[in-house]
Peer 1: 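Could you have a look at this structure, given as structure tokens, before my questions?
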Amino acid sequence: CLWLGTQNSGLIRYDPRQEAIQRYPVAGTIQSMAFIVGPSGTSNLWLGCDNGLTIFHPITKSVITSNELTKQGIRISQIHSDPHKNLVWLGTNEGLLQFRSGATAIQTVLLPDSIVKLPVTIKSIVSSTPDTYWLGLSHTGVLQWNRKTNYFRLFTFPNESVSATLSWI
């Protein structure tokens, strides 16, 4: 199935085999989404919305929204799942946040202000190895991060280019 996040029209699921469209009410503008498989094997759709983090349960069709990040001025621009480590990464206007399945707190990954001009928004998150992540920045370029060693390396863009998306091809 194809899932579409919309601006103020909720979540839309399209099933091409049956040519069926279903709408699910989700408040706000959906800016990013990712299927996250929990430890029990169930999949939930995590949505980064302009009004907070929303988790949609496809089986029960229920929605849970947390606006705690929004209250702190944090907007989610990218969601990336690492199912091998039970981690969910949130790219935000305040940098990179980590959520571990089963934990109650979200941790902040501090970006080195010696190589990254702050504030910065993480626009894209791509993993190339289990411990290496590439972070597309709202300005400057792409940041390579080794999670295990906490080593950062900046690849700058020419002419003040902006990272809209990253992908391994």
Peer 1: Would you check if the side chain of Ser124 reaches a backbone N or O of Gly136 as a donor-acceptor pair within less than 3.5 Å?
Peer 2: no

Peer 1: According to side-chain contact (heavy atoms from CB on, under 4.5 Å), who are the partners of Asp113, at least two apart in sequence or on a separate chain?
Peer 2: Leu118

Peer 1: If you measure from CZ on Arg147 to CG on Leu87, what distance do you get to the nearest 0.5 Å?
Peer 2: 5.0 Å

Peer 1: State which residues pass ring pair (Phe, Tyr, Trp, His ring centres under 6.0 Å) with Trp89; sequence neighbours excluded, sorted by chain then number.
Peer 2: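 Checked Trp89 against ring pair (Phe, Tyr, Trp, His ring centres under 6.0 Å); matches are Tyr133, Trp145.
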
Peer 1: Can you tell me if CD on Gln72 sees more than 12 non-hydrogen neighbours from other groups inside 6.0 Å?
Peer 2: yes

Peer 1: How long is the straight-line distance from CG of Asn51 back to CG of Asn67, given to the nearest 0.5 Å?
Peer 2: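 With rounding to 0.5 Å, CG (Asn67) is 7.5 Å from CG (Asn51).
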
Peer 1: In chain order, what residues pass the side-chain hydrogen bond (donor to acceptor under 3.5 Å, both in side chains) check against Thr108, with sequence neighbours excluded?
Peer 2: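 Testing Thr108 for side-chain hydrogen bond (donor to acceptor under 3.5 Å, both in side chains), a comparison that skips the adjacent residues, returns none.
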
Peer 1: Starting at NE2 of His57, measure out to OG of Ser62 and round the result to the nearest 0.5 Å.
Peer 2: 4.5 Å

Peer 1: Mind listing the closest non-hydrogen atom pair of Cys1 and Pro16 along with its distance?
Peer 2: CA-CD, 4.3 Å

Peer 1: Can you tell me how far CH2 of Trp134 sits from CD1 of Ile125, rounded to the nearest 0.5 angstrom?
Peer 2: 14.5 Å

Peer 1: For the CD1 atom on Ile59, are there more than 12 heavy atoms of other groups (residues, nucleotides or ligands in this structure) within a distance under 6.0 Å?
Peer 2: no

Peer 1: Heavy atoms only: give me the nearest Cys49-Thr54 pair and the separation to one decimal.
Peer 2: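 Minimum heavy-atom separation between Cys49 and Thr54: SG-OG1, 3.9 Å.
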
Peer 1: Among all residues two or more places apart in sequence or in another chain, which pass the side-chain contact (heavy atoms from CB on, under 4.5 Å) test with Ser114?
Peer 2: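 Applying side-chain contact (heavy atoms from CB on, under 4.5 Å) to Ser114 gives Pro112.
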
Peer 1: Supply the members, apart from Leu11, of the Ile/Leu/Val/Met/Phe/Trp/Tyr cluster built from side-chain contacts under 4.5 Å; use none for a lone residue.
Peer 2: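 Noted: Leu11 shares its cluster with Trp3, Tyr24, Val26, Ile30, Met33, Phe35, Leu45, Leu47, Phe56, Val63.
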
Peer 1: I'd like to check Leu137 versus His139 (side-chain heavy atoms, cut-off strictly below 4.5 Å). Are they in contact?
Peer 2: no

Peer 1: With sequence neighbours left out, which residue pairs that include part of residues 57-76 fulfil the salt bridge (charged side-chain N to carboxylate O under 4.0 Å, His left out) condition?
Peer 2: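 Checked against salt bridge (charged side-chain N to carboxylate O under 4.0 Å, His left out) - neighbours excluded - the pairs reaching residues 57-76 are Glu68-Lys71.
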
Peer 1: Among residues two or more places apart or on two chains, list those pairs meeting salt bridge (charged side-chain N to carboxylate O under 4.0 Å, His left out) that have a residue in residues 124-135.
Peer 2: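 Found Lys85-Asp131.
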
Peer 1: List in chain and number order the residues that pass side-chain contact (heavy atoms from CB on, under 4.5 Å) with Thr92, two or more places apart in sequence or in another chain; answer none if no residue qualifies.
Peer 2: Ile74, Ile76, Leu90, Glu94, Leu97

Peer 1: With sequence neighbours excluded, what pairs up with Arg17 under the salt bridge (Lys or Arg N to Asp or Glu O under 4.0 Å) test?
Peer 2: Asp15

Peer 1: Return the CD1 to CG distance between Ile115 and Leu143, rounded to the nearest 0.5 Å.
Peer 2: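 So the CD1 of Ile115 and the CG of Leu143 are separated by 5.0 Å.
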
Peer 1: Test your reading of the model: is there a side-chain donor-acceptor pair from Ser77 to the backbone of Gly91, 3.5 Å cut-off?
Peer 2: yes

Peer 1: Scan side-chain atoms only and decide if Arg153 and Gln144 contain a donor-acceptor pair under the 3.5 Å cut-off.
Peer 2: no

Peer 1: Are the side chains of Leu111 and Leu135 in touch, meaning some heavy atoms are under 4.5 Å apart?
Peer 2: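 Leu111 reaches Leu135 side chain to side chain.
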
Peer 1: Measuring only between side-chain heavy atoms, which start at C-beta, is Ile79 closer than 4.5 Å to Phe99?
Peer 2: no

Peer 1: Yes or no on side-chain contact (heavy atoms from CB on, under 4.5 Å) for Tyr14 and Gln22, after CA distance, side-chain angles and deciding distance?
Peer 2: CA-CA 7 Å; Tyr14 173 67; Gln22 286 185 290; over 6 Å; no

Peer 1: For Tyr151, check ring pair (Phe, Tyr, Trp, His ring centres under 6.0 Å) against everything at least two apart and list the hits.
Peer 2: none

Peer 1: Which value, rounded to the nearest 0.5 Å, describes the distance between Ser32 atom OG and Ile122 atom CD1?
Peer 2: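 Ser32 OG to Ile122 CD1: 13.0 Å, rounded to 0.5 Å.
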
Peer 1: May I ask you to check whether Thr140 and Thr156 show a side-chain donor-acceptor distance below 3.5 Å?
Peer 2: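 Short answer, no.
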
Peer 1: Please identify each residue that fulfils side-chain contact (heavy atoms from CB on, under 4.5 Å) with Ile12, with sequence neighbours left out.
Peer 2: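 side-chain contact (heavy atoms from CB on, under 4.5 Å) check on Ile12 returns Leu4, Thr6, Ile21, Arg23.
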
Peer 1: List the atom of Val116, the atom of Val120, and the distance in Å for their closest heavy-atom pair.
Peer 2: CG1-CG1, 3.8 Å

Peer 1: Strictly by salt bridge (charged side-chain N to carboxylate O under 4.0 Å, His left out), give each pair with a member in residues 42-58 just once, sequence neighbours left out.
Peer 2: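 Output for this query is empty, none listed.
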
